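In what follows, chains carry the letters A, B, and so on, assigned in the order in which the sequence lines appear, proteins first and then strands, with residues in each chain numbered from 1. Since the structure is predicted, the reported quantities are computational estimates derived from the model, not experimental observations.
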There are 2 protein chains.
Amino acid sequence: MKQPKFRNMEEFAAASGISRPTVSKYFNDPDSVRPSTRNRIEAALEKYDYRPNMFAMNQNRKLTKNIGIVVPYLADPFFAEIARNLQERCILAGFQPTLFSAHGKQAFENDILDSLRSLKPAGVLMAPLGRRNSDRSEIEKFCKDVPTILFDSNIDGVGEAFVGSDNVSFVSQTVDYLTRTGESPCFFEMTEPANPNAFKRHDAYLAKMEQLGLEPHLIRVEGQGWDFERVGYLGGLSVLDKGLLPTRTVLCSNDRLAIGFLAACYERGVRVGHGVENGLRVASHDDHPYARYTCPALTTAAHDYEVVSRRAVESLFELIESGGSLGQRKETLVTPRLVLRASA
Amino acid sequence: MKQPKFRNMEEFAAASGISRPTVSKYFNDPDSVRPSTRNRIEAALEKYDYRPNMFAMNQNRKLTKNIGIVVPYLADPFFAEIARNLQERCILAGFQPTLFSAHGKQAFENDILDSLRSLKPAGVLMAPLGRRNSDRSEIEKFCKDVPTILFDSNIDGVGEAFVGSDNVSFVSQTVDYLTRTGESPCFFEMTEPANPNAFKRHDAYLAKMEQLGLEPHLIRVEGQGWDFERVGYLGGLSVLDKGLLPTRTVLCSNDRLAIGFLAACYERGVRVGHGVENGLRVASHDDHPYARYTCPALTTAAHDYEVVSRRAVESLFELIESGGSLGQRKETLVTPRLVLRASA
DNA sequence: ATAAAATTTTTACGCGCGATAATTTTTGAA
DNA sequence: TTCAAAAATTATCGCGCGTAAAAATTTTAT
């Protein structure tokens with residue numbers, strides 16, 4: 001059984017036989033004290049179980065050990081997964097990450113920026129709602145105050161760096177694959193996407209088709225918000241019922257749309273799959289955690305979650321160590337990899 | 001354009017013509033000052049844009065406005081959805097929620113408790129990893145220090161109250177429905193579930209079958225961790241290939257298992273659906289956000305997210321207002337509702 | 001109008017820790 | 001052993017705000 005807790009650092013320092021400023025230094029950075037004293041402090045820590053008051057700690061520190069992680073929509077498993085990854089890396093580096101989700105709404109995103117300011121974070125990792133949905137001027141102001149790395153979705157010139165997957169490569173790989181193995185695809189997308197990467201993929205599809213000397217076909221379905229599966233499902237039903245598919249190969253802008261589209265195909269009895277007689281081929285982008293459990297399993301281009309999150313955190317630490325400015329805004333694009341499954 | 005920010009409350013108070021202690025009172029509880037002075041402060045707030053330093057604020061306050069929300073696994077859309085719901089409610093009530101995920105690991109869960117202590121939260125909403133996976137004694141100690149409401153998964157006697165869905169009712173409804181519309185189901189589950197509700201559902205299945213005078217059949221598949229879809233998929237393949245299904249009606253312990261199982265059925269060409277010739281019927285529990293996009297769409301019993309989150313937050317506020325103890329530990333079980341789709 | 005009640009102002013202290021400067025001790029190399 | 005560099009100690013402030021008590025003011029009731 002451990003000693004009753006101390007009321008403050010003074011008492012703990014006394015009990016461990018070290019002066020308070022040294023203990024304070026230790027908590028700020030354990031490596032900043034001599035190994036022998038570090039051991040003594042850690043021995044006392046084992047014995048007595050004391051934790052500094054984080055409010056008092058952060059009040060006067062120029063730089064806290066807090067890190068903010070902001071995602072646009074946490075109920076999207078893609079963001080849940082990458083947020084988990086980022087959090088773990090921050091903790092391992094001795095920081096204390098706090099997770100925020102804008103839940104798809106600009107008002108929340110702005111509220112989060114306010115909350116973040118009062119956290120006085122050493123740095124922020126932010127995946128914004130995107131160019132069209134974020135309040136650019138607010139985010140810009142925020143990035144002037146707080147060292148911020150954008151990830152997943154870029155806003156030109158905002159933040160000290162950007163790390164994300166290469167949307168052009170996503171589309172290029174899938175279109176290439178589909179074209180080589182059969183008919184080239186039409187592109188299934190939302191008319192008003194919530195996800196900003198959708199625009200880049202749209203452009204990349206048109207460019208790639210032009211490069212290949214092929215005629216592009218866009219299938220644009222109605223719907224807004226973040227309920228992509230629903231949009232893909234309803235749009236899919238409508239497209240199938242009206243016979244609007246210009247090709248038998250469909251490339252969806254993202255996996256969540258594809259999940260809905262495949263559900264629509266199943267419901268209408270439309271067969272889907274690579275090598276399926278008279279079947280549709282369906283492919284997509286992201287490698288959503290559920291992409292391998294669709295029917296049939298989804299051929300898609302996969303984010304390299306591991307590399308994206310590692311690079312983002314590395315960039316942030318570099319930024320923090322540099323004192324808040326990197327001089328040059330750096331954009332890192334991680335190359336996705338094609339994952340072949342049964343759907344195309 | 002707003003004034004350059006003030007360095008502290010003193011300056012803001014001076015600029016707004018109110019004394020600092022009164023301003024302090026206002027930030028602690030806007031209703032504790034006279035309406036006329038409240039208006040004056042809020043007018044100044046509009047004009048000058050000042051926010052109190054949250055670290056200095058919380059340092060001496062006995063009770064902060066912080067609320068901790070802890071879930072076992074944020075990448076599970078069920079928890080993502082309910083966390084979102086809880087967060088919104090807390091914000092509306094003027095609290096500042098902070099979200100934590102244990103990522104399925106006991107060590108993380110314990111770390112979170114430590115972080116929470118130093119947040120000095122007014123209260124905590126916690127969905128623990130569960131009786132078998134949580135460190136009961138640690139959570140118990142924590143609940144003694146911090147007013148805590150458990151939700152989703154109960155640990156007997158721990159916390160001031162529990163709010164969750166009624167697992168018995170889940171199973172009772174699905175078994176009843178399946179039995180009335182055809183053959184009664186076998187029960188598809190994991191041998192070592194990560195999710196504690198699985199045990200309750202297991203027991204409820206056996207009890208229900210006994211009550212109906214029917215013979216229960218358990219199909220228990222190997223696998224551990226939180227990758228339920230994978231477990232359901234691999235287990236499904238194995239069961240189908242070995243012809244181990246005792247009945248043509250399968251009730252899965254939860255939707256994520258069912259998603260994997262349905263993928264296995266699809267891959268093996270096993271037809272599934274209500275009214276499908278020679279088809280399997282598959283049903284489940286939770287109404288996972290993706291349950292309507294499986295192939296076929298999943299018949300399931302649905303959590304009432306809305307009610308569970310509302311009740312949990314209500315209980316917490318009651319607990320906070322009562323000063324940290326309700327006297328009697330209250331357990332609230334919300335009744336799920338059957339959602340009929342194509343799979344059964 | 002006057003007394004009583006409610007609210008605000010004034011004044012002052014303390015919280016727990018970060019930070020600094022001056023002093024003393026320890027370390028490690030010559 | 002000697003001495004300079006490195007580290008720890010002592011002493012002392014200040015941060016921004018909560019909080020408490022007493023005095024002054026405003027509001028409400030009579």
Side-chain angles (χ1 to χ4, degrees), chain A residues 4-45 48-66 94 96 117-122 323, chain B residues 4-45 48-66 94 96 115 117-122:
Chain A
K5 282 171 195 164
F6 299 109
R7 291 190 359 273
N8 54 37
M9 193 182 279
E10 194 79 54
E11 292 184 10
F12 170 75
S16 53
I18 310 267
S19 71
R20 185 178 70 77
T22 304
V23 173
S24 171
K25 257 191 104 191
Y26 166 83
F27 278 113
N28 197 347
D29 176 9
D31 285 323
S32 66
V33 301
R34 203 185 297 151
S36 62
T37 61
R38 174 171 177 170
N39 288 337
R40 288 170 65 196
I41 294 177
E42 282 170 353
L45 230 35
Y48 291 124
D49 163 35
Y50 157 80
R51 300 195 52 168
N53 179 314
M54 69 157 291
F55 297 111
M57 237 174 109
N58 289 324
Q59 176 171 16
N60 299 317
R61 242 215 273 276
K62 36 191 142 238
L63 230 54
T64 69
K65 287 282 186 180
N66 299 327
Q96 193 192 317
R117 275 182 224 271
S118 58
L119 260 184
K120 288 199 270 180
Chain B
K5 281 172 197 164
F6 298 111
R7 287 189 3 271
N8 55 37
M9 193 181 279
E10 195 80 53
E11 292 185 8
F12 169 74
S16 54
I18 310 268
S19 72
R20 186 180 70 74
T22 304
V23 173
S24 171
K25 257 192 106 191
Y26 166 83
F27 279 113
N28 198 347
D29 175 10
D31 285 323
S32 67
V33 301
R34 202 185 298 151
S36 62
T37 61
R38 175 172 177 171
N39 288 338
R40 288 172 62 196
I41 293 176
E42 283 171 353
L45 230 37
Y48 293 123
D49 162 36
Y50 157 80
R51 299 195 53 167
N53 178 315
M54 69 156 291
F55 297 111
M57 236 175 113
N58 289 325
Q59 177 170 16
N60 298 316
R61 243 217 273 277
K62 37 192 143 239
L63 229 55
T64 69
K65 288 281 185 180
N66 299 328
Q96 193 191 317
S115 301
R117 273 183 227 272
S118 57
L119 261 185
K120 289 199 269 181

Exercise. What residues in residues 31-44 of chain B put a non-hydrogen atom under 4.0 Å from any atom of DNA chain D?
Worked result: B:Arg34
Problem set entry | Spacing of A:Arg51 atom CZ and B:Ser115 atom OG [to the nearest 0.5 Å] | 6.0 Å
Detail all sub-3.5 Å separations between protein N/O atoms and N/O atoms belonging to nucleotides 20-24 of chain C.
none

Seminar exercise, completed: Note: contacts of residues 53-61 of chain B with DNA chain D (heavy atom, under 4.0 Å) are B:Asn53, B:Ala56, B:Met57, B:Gln59, B:Asn60, B:Arg61
Problem set entry | Contacts of A:Ala15 that satisfy side-chain contact (heavy atoms from CB on, under 4.5 Å) - sequence neighbours left out | A:Phe6, A:Tyr48
For this session: Return the 5'-most residue of the pair A:Ile18, B:Glu10 with respect to DNA chain D, ranking by each residue's nearest nucleotide.
Result: A:Ile18
Seminar exercise, completed: At a 4.0 Å cut-off to heavy atoms of chain A, the contacted part of DNA chain D spans D:dA7 to D:dG16
For this session: Quick one: list whatever passes side-chain contact (heavy atoms from CB on, under 4.5 Å) with A:Ala14, sequence neighbours left out.
Result: none
Exercise. Residues in side-chain hydrogen bond (donor to acceptor under 3.5 Å, both in side chains) with B:Arg34, at least two apart?
Worked result: none
Exercise. When rounded to the nearest 0.5 angstrom, what distance separates CD1 in A:Ile41 from OG1 in A:Thr37?
Worked result: 5.5 Å
For this session: Please name all residues satisfying side-chain contact (heavy atoms from CB on, under 4.5 Å) with B:Asn53, sequence neighbours left out, ordered by chain then number.
Result: A:Lys120, B:Phe55, B:Ala56
Seminar exercise, completed: Between the CG atom in B:Asn66 and the CG atom in B:Leu119, the distance rounded to the nearest 0.5 Å is 5.5 Å
Seminar exercise, completed: 5'-most contact on DNA chain C (nearest-nucleotide basis), A:Phe27 vs B:Thr22, goes to B:Thr22
Problem set entry | Qualifying residues under side-chain hydrogen bond (donor to acceptor under 3.5 Å, both in side chains), relative to A:Ser32, sequence neighbours excluded | none
Exercise. Looking at residues at least two apart in the chain, or sitting in another chain, which of them share a side-chain contact (heavy atoms from CB on, under 4.5 Å) with A:Arg61?
Worked result: A:Asn28, A:Met57, A:Asn58
Exercise. What salt bridge (charged side-chain N to carboxylate O under 4.0 Å, His left out) pairs are there with at least one residue in residues 18-30 of chain B, not counting sequence neighbours?
Worked result: B:Glu10-B:Arg20
For this session: Would you indicate whether the side-chain heavy atoms of A:Val33 and A:Thr22 approach each other to under 4.5 Å?
Result: yes
Exercise. Is there a donor N/O on one and an acceptor N/O on the other, under 3.5 Å, for the side chain of A:Arg20 and the base of C:dG16?
Worked result: no
For this session: Can you label the angle between the A:Tyr50 ring and the A:Phe12 ring as parallel, tilted or perpendicular, going by 30° and 60°?
Result: parallel
For this session: Under the side-chain hydrogen bond (donor to acceptor under 3.5 Å, both in side chains) rule, collect the residues that match up with A:Glu42, sequence neighbours excluded.
Result: A:Tyr26, A:Arg38
Exercise. A:Asn8 CG to C:dG18 P: how many Å, rounded?
Worked result: 12 Å
